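The structure presented is a predicted model; accordingly, all values stated were derived computationally and were not measured. Note: hydrogens, waters and symmetry copies are ignored here, and every other heavy atom, side chains too, is used.
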Amino acid sequence: MTRAVVVIGHPVAHSRSPLIHGYWIAEHGIDGSYGRRDVPPEEIAGFLADFAASGLVGANVTVPHKEAAFAAAVERDPVAEALGAVNTLWLADGRLHGANTDVHGFLANLDAAAPGWDRALDEAVVLGAGGAARAIVYGLLSRGIGRVTVANRTLSRAEALRAQFGDKVLPVDWRDLAGTLPSARLLVNTTSLGMKGQPPLDIDLSLLSPDAVVTDAVYVPLETPLLRAARARGLAAVDGLGMLLHQATPGFQRWFGVTPQVTPALRALAVEDLRAKGQLT
């Protein structure tokens, strides 16, 4: 019997998850399918409540349904519990289980693209304080980073992350960002600044140390102005596409029993898709 999986969201037509999982299904010769399911917010509770009868073995969950998926899952992994959000669902013994793989995706991307990035890393700076920032702050603290500075235009949102994760999180007002950069060896952008159609992210990267790593959680465009500026200065720069690819591996293993690899060929396929849609730059 074909094992059917979907990504659920609203909207969901833009999702690249079918491209990624479809590649792995074909690569491993699996009798499986992976599609999209647009579920409006007013229908998500009912959809998840009836998941066991849907014919699906699992699903990815994207905005705006990650909190609803968290509430619906009867068993959740520790990362999902810490973040209050689920992006991966599967059935086990007829019960809906949930996990959050965003942290895995973020850390695995850095491990692959900038090996040793966390070695003796005392301080990191995270720009933004939304859902992506929450996952990234959690991931950095799980690696033993001494301090994570969170800069946000609305200071109270950064302060909420300190309240959630403890005193190793230092909230700062966006206007005070420059003062935090000289001591940071990792800079992570989780804001929409620099994305296509959004205002630019104006930061003086000369304040960073020469061995700093700069990464952007967004991947449209693939090379954001921040990453371009980092490379121009000779800094290690890691785009957000790898985070998307790596966060997909735990779910695939759950649904299909095979642990897939993020290979250059898969990345090339995703990059070609970005190029075809005019989203590289």
Side-chain angles (χ1 to χ4, degrees), residues 2-28 30-41 44 47-48 51 54-70 72-73 77 79-80 83 85-91 96-109 112 131-132 135 195 216-222 239-277 279-280:
T2 299
R3 298 178 66 81
V5 181
V6 297
V7 55
I8 56 177
H10 184 75
V12 77
H14 65 284
S15 174
R16 287 185 167 83
S17 291
L19 178 76
I20 298 166
H21 291 284
Y23 175 87
W24 286 331
I25 287 170
E27 180 183 37
H28 293 284
I30 292 170
D31 183 9
S33 67
Y34 191 105
R36 298 178 178 89
R37 190 76 59 88
D38 192 313
V39 182
I44 187 62
F47 178 87
L48 294 173
F51 196 90
S54 67
L56 301 170
V57 299
N60 277 131
V61 185
T62 188
V63 292
H65 298 324
K66 292 184 180 183
E67 289 76 18
F70 175 86
D77 78 343
V79 180
L83 300 179
V86 158
N87 73 342
T88 303
L89 294 167
W90 69 96
L91 287 171
L96 193 60
H97 293 240
N100 189 301
T101 66
D102 288 333
V103 173
H104 169 82
F106 171 72
L107 296 175
N109 185 34
M195 288 181 67
D216 213 320
V218 306
Y219 60 91
V220 178
L222 186 60
D239 63 55
L241 180 58
M243 180 175 173
L244 173 72
L245 301 176
H246 283 283
Q247 65 81 30
T249 61
F252 192 91
Q253 195 282 328
R254 288 279 188 186
W255 306 318
F256 301 115
V258 174
T259 302
Q261 300 300 310
V262 176
T263 59
L266 174 60
R267 179 179 169 87
L269 180 68
V271 169
E272 182 54 40
D273 187 64
L274 288 169
R275 180 180 290 109
K277 293 177 171 61
Q279 296 176 331
L280 278 184

Item to complete: Look at the rings of F47 and F51 and say which category their plane angle falls in: under 30° parallel, 30 to 60° tilted, over 60° perpendicular.
Response: perpendicular
Item to complete: Looking only at non-hydrogen atoms, find the nearest pair between V86 and A80 and report the distance.
Response: CG2-CB, 3.8 Å
Worksheet item: What's the spacing between L83 CG and N100 CG if we round to 0.5 Å?
Response: 5.0 Å
Discussion item. Are V5 and F256 packed together at the side-chain level, in the sense that at least one heavy-atom pair is separated by less than 4.5 angstrom?
Written reply: yes
Worksheet item: Taking all atoms of both residues into account, what is the closest heavy-atom pair of D102 and K66, and its distance?
Response: OD2-NZ, 3.0 Å
Discussion item. Testing the basics here: between A4 and G55, what is the closest heavy-atom pair and its distance to 0.1 Å?
Written reply: CB-O, 4.1 Å
Worksheet entry | Beyond-backbone contact of L89 with L48, side-chain heavy atoms, under 4.5 angstrom | yes
Worksheet item: Does a side-chain heavy-atom distance below 4.5 Å link V39 with H10?
Response: no
Discussion item. How long is the straight-line distance from OH of Y23 back to OG1 of T263, given to the nearest 0.5 Å?
Written reply: 4.0 Å
Worksheet item: Is there a side-chain contact between L56 and R37 (heavy atoms, below 4.5 Å)?
Response: yes
Worksheet item: In Å and rounded to the nearest 0.5 Å, what is the CZ to CG distance from R16 to L244?
Response: 8.0 Å
Worksheet entry | Residues D77 and R254 bridged, charged N to O under 4.0 Å | no
Worksheet item: Taking the side chain from N87 and the backbone from T101, do they hold a donor-acceptor pair closer than 3.5 Å?
Response: yes
Item to complete: May I ask you to decide if the ring planes of H246 and H104 are parallel, tilted or perpendicular, using 30° and 60° as cut-offs?
Response: perpendicular
Practice prompt. Considering non-hydrogen atoms only, spot the tightest contact between H97 and A73 and give its length.
Written response: C-CB, 4.1 Å
Worksheet entry | Heavy-atom side-chain contact between P18 and V7 under 4.5 Å | yes
Worksheet item: Would you call E27 and L266 a side-chain contact if the rule is heavy atoms closer than 4.5 Å?
Response: no
Worksheet item: Would you call V61 and I8 a side-chain contact if the rule is heavy atoms closer than 4.5 Å?
Response: yes
Worksheet item: Minimum heavy-atom separation for P41 to I44, with atom names?
Response: O-CG2, 3.2 Å
Worksheet, complete the sentence: Here the gap from L241 atom CG to L274 atom CG, rounded to the nearest 0.5 Å, amounts to 6.0 Å
Discussion item. Rounded to the nearest 0.5 Å, what separates atom CD1 in I30 from atom OG1 in T2?
Written reply: 11.5 Å
Worksheet entry | Donor-acceptor pair, side chain of D239 and main chain of L222, under 3.5 angstrom | no
Worksheet item: CD1 of I20 to OG of S15: how many Å apart, nearest 0.5 Å?
Response: 7.5 Å
Fill in: Shortest non-hydrogen contact between Q261 and W24, atoms and distance
O-NE1, 3.1 Å
Worksheet entry | Beyond-backbone contact of N60 with T88, side-chain heavy atoms, under 4.5 angstrom | yes
